[in-house]
Chemist: 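Once you've had a glance at the structure underneath, I'll fire off some questions.
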Amino acid sequence: MNTATTIPAPHSTAASAAIVYDDSCRFCRRQVEWIRQKDRAGVFEFVPRSSGDLLERYPQLARADLNTGMRLVMADGTVHVGADAVYHVARRLPLYRYPALLYRVPGLTQIGRWVYGWVAANRYRLAGRCDDQACRL
């Protein structure tokens, strides 16, 4: 399973990475808010997948099935998907940098990907959907 592609980023921001998330998912929004609170250094930009300019900014996502999980788009254009994206996010949060290394233990990567895939496939059943007014960040 290829989880990273590299295409130059079309523009740069103050953040070094963009988290593309499902803004119609309550679970996803809660996770993004949790990351936002932990990201005191401003490492991440948070981009809802419904953003009108998403594909202009990140053309490498054009063929991606964004229902399979969050995307972490690095400044160099590299895209990390799902559990791999969570690992790379955790590596950039000071208190989670070292615990994140557990993801690299043989077997735990596959388990993490499986768990992430199950949660992604069931996220609306687990936490529900949002409409524009129901759950603003």
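These numbers come from the heavy atoms of this one structure, side chains and all, not from hydrogens, waters or symmetry mates. Owing to the predicted nature of the structure, the values given are computational and were not obtained by experimental measurement.
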Chemist: Tell me whether Asn122 contacts the main-chain N or O of Trp118 through its side chain, where contact means a donor paired with an acceptor under 3.5 Å.
Modeler: yes
Chemist: Quick check: do Glu45 and Arg57 have side-chain heavy atoms less than 4.5 Å from each other?
Modeler: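 Yes, at least one pair of side-chain atoms sits under 4.5 Å.
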Chemist: Less than 4.5 Å apart, any side-chain heavy atom of Tyr103 and any of Asp84?
Modeler: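 Counting from C-beta outward, Tyr103 and Asp84 do come under 4.5 Å.
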Chemist: Please verify the inter-ring angle class for Tyr96 with Trp34; under 30° counts as parallel, over 60° as perpendicular, anything in between as tilted.
Modeler: perpendicular
Chemist: For Arg63, does the CZ atom sit with more than 12 other heavy atoms under 6.0 Å from it, leaving out its own atoms?
Modeler: no
Chemist: How close do Ile19 and Val89 get, counting heavy atoms only, and between which atoms?
Modeler: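 Closest approach of Ile19 to Val89, heavy atoms only: CD1-CG2, 3.9 Å.
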Chemist: With a 4.5 Å heavy-atom cut-off, do Tyr87 and Arg104 have their side chains touching?
Modeler: yes
Chemist: Taking Val32 as the starting point, is it possible to reach Tyr124 by hopping between hydrophobic residues whose side chains are less than 4.5 Å apart?
Modeler: no
Chemist: Indicate, with yes or no, if Leu55 and Val81 share a hydrophobic cluster defined by side-chain heavy-atom contacts under 4.5 Å among Ile, Leu, Val, Met, Phe, Trp and Tyr.
Modeler: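 Per the 4.5 Å side-chain linkage, Val81 and Leu55 are co-clustered.
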Chemist: So, do Tyr58 and Val47 sit near enough that their side-chain heavy atoms are less than 4.5 Å apart?
Modeler: yes
Chemist: Heavy atoms only: give me the nearest Ala83-Gly112 pair and the separation to one decimal.
Modeler: CB-O, 3.6 Å
Chemist: With clusters defined by side-chain heavy atoms of hydrophobic residues (ILVMFWY) lying less than 4.5 Å apart, directly or transitively, does Leu72 cluster with Val119?
Modeler: no
Chemist: Between Arg36 and Glu33, is the closest basic N to carboxylate O distance under 4.0 Å?
Modeler: yes
Chemist: Here's a test for you: under salt bridge (Lys or Arg N to Asp or Glu O under 4.0 Å), which of Arg71, Arg129, Arg123 qualifies with Asp22?
Modeler: Arg123
Chemist: Is there a side-chain contact between Phe27 and Leu126 in this structure, where contact means two heavy atoms from C-beta onward sitting under 4.5 Å apart?
Modeler: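 No. Closest side-chain heavy atoms not under 4.5 Å.
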Chemist: Looking at Phe44, I'd like to know if the NZ or CZ of Arg92 sits under 6.0 Å from its six-membered ring centre while staying within 45 degrees of the ring's axis.
Modeler: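 Checked: cation-pi criterion not met.
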Chemist: Could you measure the distance from the CE atom of Met70 to the SG atom of Cys25? Nearest 0.5 Å is fine.
Modeler: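 Those atoms lie 12.0 Å apart.
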Chemist: Is the backbone of Val79 close enough, under 3.5 Å, to the side chain of Gln60 for a donor and an acceptor to pair up by distance?
Modeler: no
Chemist: State, to 0.1 Å, how close Val20 and Leu61 come at their nearest heavy-atom pair, and which atoms those are.
Modeler: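 Answer, listing the atom of Val20 first, then Leu61: CG2-CD1, 4.0 Å.
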Chemist: Between Cys130 and Asp23, what is the shortest heavy-atom contact and its length?
Modeler: CB-O, 4.1 Å
Chemist: Looking at every heavy atom in both Arg30 and Ala127, which two are closest together, and how far apart are they?
Modeler: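 For Arg30 and Ala127, the tightest heavy-atom pair comes out as NH2-CB, 3.3 Å.
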Chemist: Over all heavy atoms of both residues, which pair between Leu102 and Leu108 is shortest? Give the atoms and the distance, please.
Modeler: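 So the two residues come closest at O-CD1, 3.2 Å.
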Chemist: For a side-chain contact (heavy atoms from CB on, under 4.5 Å) check, start with the C-alpha distance between Asn67 and Arg49, then their side-chain angles and the critical distance, and finish with the verdict.
Modeler: CA-CA 10 Å; Asn67 282 313; Arg49 76 176 190 186; 3.0 Å; yes
Chemist: Would you say Phe46 ends up clustered with Val86 if hydrophobic residues are merged whenever their side chains have heavy atoms under 4.5 Å apart, either directly or through other cluster members?
Modeler: yes
Chemist: In Å and rounded to the nearest 0.5 Å, what is the CZ to CG distance from Arg40 to Leu93?
Modeler: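 Spacing of CZ (Arg40) from CG (Leu93) equals 10.5 Å.
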